Amino acid sequence: MDKLGSIFLPPAKSTIAGEVDALFNFITGTSLLILVAIMAVVIYLIIKYKRKSDDDVTSLNDHNTALEIVWSIIPVFLVVYVFYRGFTDYIKIGSAPDDAYEIQVIGQKWNWTFKYANGNTSPNELHVPAGRPVKLVMQSRDVLHSFFIPDYRVKHDVIPGRYTSLWFEALEPGESTVFCTEYCGTSHSDMMAKVIVHTGEEFDQWLKESGGRPSDMPLAEYGKQLYSKSGCQTCHSIDGTKLVGPSYKGAFGSTHTFADGTSAVVDENYLKNSILNPNAQVVAGYAPVMPTYQGILSNDDIDAIIEFIKELK
Ligand code: CUA
């Protein structure tokens, strides 16, 4: 498979992808061959045995043992072969090598968060080293999601209340896309993340530098980055458009009325509480669907997002 992929498949960018594609192509190719062969025989027989006159009756022929053995034995071998290949690949995909680099994955409506061994998190961006097996330990905060990287040919459900895992080894530096492939609500189709594959050294460097806000970056600017990286933009617009949640534009200092009839002025405390405990006060007219960002955004991150919201007059 070349880098652009074929007409059927996206580019194959992991160590396992070649084997998965080979099996896929084998099944597709064999099915096509059998289809063509059967159709050819059917057409041949239609023409050969077309009734030519009223008393043209075909002789009775109730079976042919040799033919029946052939058309039973060949498919049995094909099915056993496909099962064998599928099963060995399935076992390989299911068992991560012992030296795999482990990354925690949290899925929630509607974003992915990745947590690394040193405690750093990166929302909606999965950073991995090339040429090294990576194991993802995944969990869901709310409903069933499914983690899918087409370029790597790996997919696994992410289930509330239990861990699931998958592993892959990216072949070379580059980018790929993660999709959620289990319908999980309004913004399911926006639940995407990017895989960024670094060289080994670049990855170590990234891990060191990725811890939060660069010291020379203003809070509001960092907040703007977090707004698009952490999945806020899926539900909250910054231009007044009504999405799944209230727009950030002009929110600060305004009064929000809640589903239970009470109201409050939007200030720092209200915003912080809405990020950590979103369903305590749900603005009237909106569904209580926001997940908590407890454990995903640090205090500094939350301060930055609040600063960003303040600037959206
Ligand atoms: Cu998460 Cu669909």
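All ligand and atom numbering here is 1-based and tracks the order in the structure. In this text the structure is predicted, and so the values were computed from the model without any measurement. Numbering of residues begins at 1 and proceeds along the displayed sequence.
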SB check Lys310 Glu307 (cutoff 4.0 Å): yes

Metal site atom 2 (Cu) of ligand 1: N/O/S of His145 inside 2.8 Å: no

Side-chain heavy-atom pair His145, His188 within 4.5 angstrom cut-off: no

So do the side chains of Ile149 and Phe168 get within less than 4.5 Å of each other, counting heavy atoms only? yes

Taking atom 2 (Cu) of ligand 1 as the apex, SG on Cys184 and O on Glu182 give an angle, to 10°, of 110°

Identify which one of Leu219, Ile238, Asp303 satisfies the side-chain contact (heavy atoms from CB on, under 4.5 Å) criterion when paired with Phe308. Ile238

Does Met191 put an N, O or S atom under 2.8 Å from atom 1 (Cu) of ligand 1? yes

N, O or S from His188 under 2.8 Å to atom 1 (Cu) of ligand 1: no

